[in-house]
Structures are given as structure tokens and as C-alpha cells.
Amino acid sequence: MLLRARIVLPVSQPPIVDGAVRVERDCVAEVGKWSDLCGEAEDLGDVILMPGLVNAHCHLDYTSLAGCIPAPETFNEWISSIMRHKKGMDDRDWCESWLKGAKQSLQSGTTTVGNIETRPDLLATLWPKTPLRLLSFLELIVVRPESDSGNVVRGGVNWLQANEPSRGAVGLSPHAPYTVKPDALLQCVEASKEHGWRMAMHLAESADESDMFLKGSGELHRRLVNVGRDMSDCGGNSSVEHASRHGLLNEKLLAVHGNYLDDNDIDFLAEGGVSVAHCPRSHDYFGHVPFRFEELRAAGVNLCLGTDSLATVEGTDAQLDMFEEMRMFRSKFPDVNPQVITSMATVNGARALGWAGEVGGISAGAYADLLAFPYSGPVDSVYEGVVEQRGPVAVMVDGQWEIRPT
């Protein structure tokens, strides 16, 4: 299959005017100028043809909760609300919500998702129902004193060894430094090293988390005292320092959010080679302090974008849409080049999920996960066209059109 487009945007290299992409089976075989590639082509016309978007952090489970939780005063308040809503969901609700999120993702041009999985018992029936390429991170929570860390982690490891999506991979997600006991964190790190799994963890997400670790106080601290969590690790150190002390900060970790970071935290993340997933709409919903994008970027941290869940976006009509995340990011950082923003939603996300060169860019040997949409603007504004894209898109995964060009 040979695809011709007005502009081919590999992202990993400069735009190609009157470009073409040759697809063989499920991979890109060649990319270049139309005049340099031979063969009968499917001419897509005046479009940008680019790699499918990479959503580095998502909770497909909670798609049906869009608009259900008004923006809270505190993160602790939101935890109470999400727990209440989750208790009201049965298996059918979970499945419908997960699949609804997968469909929304694909329809808005996302082909790869780093998803946090809370219901592994349902995944065998869900995975085959979406063409998305998934890195399914199994979430582990081990907070109560009576919880046996060894049993919980071994159970997770056994499940990961026996299960994997047909298009993608699995990983571990110790939920957060406040919900996973230190011995369980250490065991997660060992399992990740032994099996080569990537990890994702919510880190420095909220002011409540910051108060808990730095000051040994606050609403989240009181909540966890009430469930019997050993709080001796709180007071005098940040949650990032806590994660570093337990060996989590390495190139296999995706730190999710990073909303409350000081200079030392940024140094820890950079030295460990950690990627950070920023979720702009979620950040805005909670009213967090400004995200330290420039400082993280200057330190060399790989920054990517995610949607988080629709339980952290206002509006019942909200969708899992990476273009919306790019636009929200730009509204907060208007001076950032749109090429940088596009990279955060493609090649940087691919690197964060361990799939650099395989997704998020168009190059020989990469998966043929592609995205096309109409564009009639100037070539030198092509990245502007990406960030401002609204409306229907054509989507290909593994060399097959899942949403055909119109």
C-alpha cells in the first residue's frame, strides 16, 4: 500500500511536501517524496498524514464519569467522590466505560494509549474489542497495615506473566507513594527489573500529597492515618525523594502529573531518566499551581502528554481527545513552539512507553499507525495545523484503516 498526501509529517524528521508512505503488512516500509517512491497510490489529497497520537496516561475505566464530579476544593475531596462513584459501577458499567473511552480515543486520532487498569479480570474480553495499541499498566494499591505486600505484588506479577494484549504490552503501576507501602514499592521495582516491565506511578500530583510528605500534615495525611497507614515516612521529604529512596526513579518509570515539584525533585527526575506525563485539562480542573514545564525541559526530562480520566474534566460532553490536551497546554504556554507540543503527543509519548521508533513517528520499521486530516494552510505552519485540528480524522492502525479517509 502506498499513501500519498500533500504533507507527510513524520514528526521525527521535517515535513515532506507531496510526500508518500509505503506500508507493507503492519509496518512502514518507506517514507519520502512522492516523486522518489514508485507504485500505484491511494491519494489522500490535501491532508496532513502523520503518526497516530500517543496518550501516555489514561484511565479508560472512568470515561462514563465525564462531568459527574464538579471541580473540588481539594484533591482529598475528589478522592472521596471518585470512590463513591466507583462503588456504584457494576461489571457492565466498567466494560461500557472502558470501551467508550477506547472508541473516543481512536475517533480523535489516538492510536497508542498508556492505560491504568483497575479491573484486570475484565481485560481478556475488552482488549480484543479495540484496535488501540495499549500499554496496560496493572494498578496496585497496598496501603492498609493488614495488607500482605508480598501476596499483592506476587498476584500482580503472576497476572502480568499470563496476560498481554494482542497489540501492545503490560506494565506495573504502583498507584502512588501514599497508597503503596514501602516494602511493596521495593518489590515492584524488583519485578520490573526482572521482567523488563515499564512502570507508571502518580507522583507529586496534588498539594495534599505534598503536605503529607513534606509537612506530615493535611487532609490526605489524616485520611490515611484513619485507615492505619504507617506514617513514619512522612515529614521532611518530598514524595519524589520518597520514590527515589525506594529505587523507583529510573528510565522505566513514567511519573504521572508531577504538578508539585521543587528544584531538587526535578533534579532527581532528570538524573533518573524518568519521563513525566503532563495532563493539561486535569491540571486545569484541579486548579493546581503552574506546571514547571520550562524547568523540566531545561533539565532534560522527557515530557509527554496524557488525558488522565474524564473524571477530572468538567463537562458531560468532554471526550478523551489529545488535540484538546494540546490546545489546553498551548493556552497555558503560548510561547512554546507547536512543534514541541506535537512532539509531546507523539514521539515523546512513544519514548515514555518504551516504544521509541515503533510508534509516534513515521519511519521505516515503525508500526503503520497513522493519522490524516484535511489541511490547506501554509507548509511552514503545519505544526500549528496539528495543534489546532478540530473535526473528523482518518485513522490507520497496523496498516489497516480503522476510520477511512472521506
**D93 side-chain N/O to D90 backbone N/O, donor-acceptor pair under 3.5 Å** = yes
**Ring geometry between H195 and W197 (parallel below 30°, tilted from 30 to 60°, perpendicular above 60°)** = parallel
**Request:** Going by the side chain to side chain contact (heavy atoms under 4.5 Å, CB included) test, name the single residue among D335, I341, V336 that passes it with R330.
**Result:** I341
**Request:** Indicate whether any N or O donor in one side chain lies under 3.5 Å from an N or O acceptor in the other, for W127 and S136.
**Result:** yes
**Prompt:** Under the 3.5 angstrom rule, does the side chain of T346 hit a backbone N or O of T342 as a donor-acceptor pair?
**Reply:** yes
**Asked** In Å, rounded to the nearest 0.5 Å, how long is the span from CD of E295 to CG of D265?
**Response** 12.5 Å
**Fill in**
Taken to the nearest 0.5 Å, the spacing of R144 CZ from R229 CZ works out to 13.0 Å
**Message:** For H242 and F213, take the angle between the two ring planes, folded into 0 to 90°, and tell me which bin it lands in: parallel under 30, tilted 30 to 60, perpendicular over 60.
**Reply:** tilted
**Asked** Would one find more than 12 heavy atoms of other residues, nucleotides or ligands at under 6.0 Å from atom NZ of K103?
**Response** no
**Prompt:** At what distance, to the nearest 0.5 angstrom, does CZ of R6 lie from CD1 of I48?
**Reply:** 8.0 Å
**Asked** Can you tell me if H202 uses its side chain to pair, donor with acceptor, with the backbone of H175 under 3.5 Å?
**Response** yes
**Item:** Candidate list L140, D61, I141, test side chain to side chain contact (heavy atoms under 4.5 Å, CB included), partner T118, passing option
**Value:** D61
**Request:** Take S105 and T110 through the test side chain to side chain donor-acceptor pair (under 3.5 Å) and record every step on the way to the result.
**Result:** CA-CA 5 Å; S105 299; T110 294; 5.4 Å; no
**Request:** Measure the CD-CG distance between E42 and L3 for me, rounded to the nearest 0.5 Å.
**Result:** 5.5 Å
**Item:** Atom pair NE2 (H221) and OH (Y178), whose distance is rounded to the nearest 0.5 Å
**Value:** 14.0 Å
**Prompt:** What's the spacing between I82 CD1 and L65 CG if we round to 0.5 Å?
**Reply:** 5.0 Å
**Prompt:** Between R281 and E325, is a salt bridge (charged side-chain N to carboxylate O under 4.0 Å, His left out) present by the stated rule, with each step listed?
**Reply:** CA-CA 6 Å; R281 288 190 296 171; E325 300 297 341; 2.7 Å; yes
**Prompt:** Do D230 and S232 meet the criterion of a side-chain donor-acceptor pair at a distance under 3.5 Å?
**Reply:** yes
**Request:** For N151 and R154, test the side chains for any donor-to-acceptor distance below 3.5 angstrom and give the result as yes or no.
**Result:** yes
**Prompt:** Between S376 and D46, does any side-chain donor sit less than 3.5 Å from a side-chain acceptor?
**Reply:** no
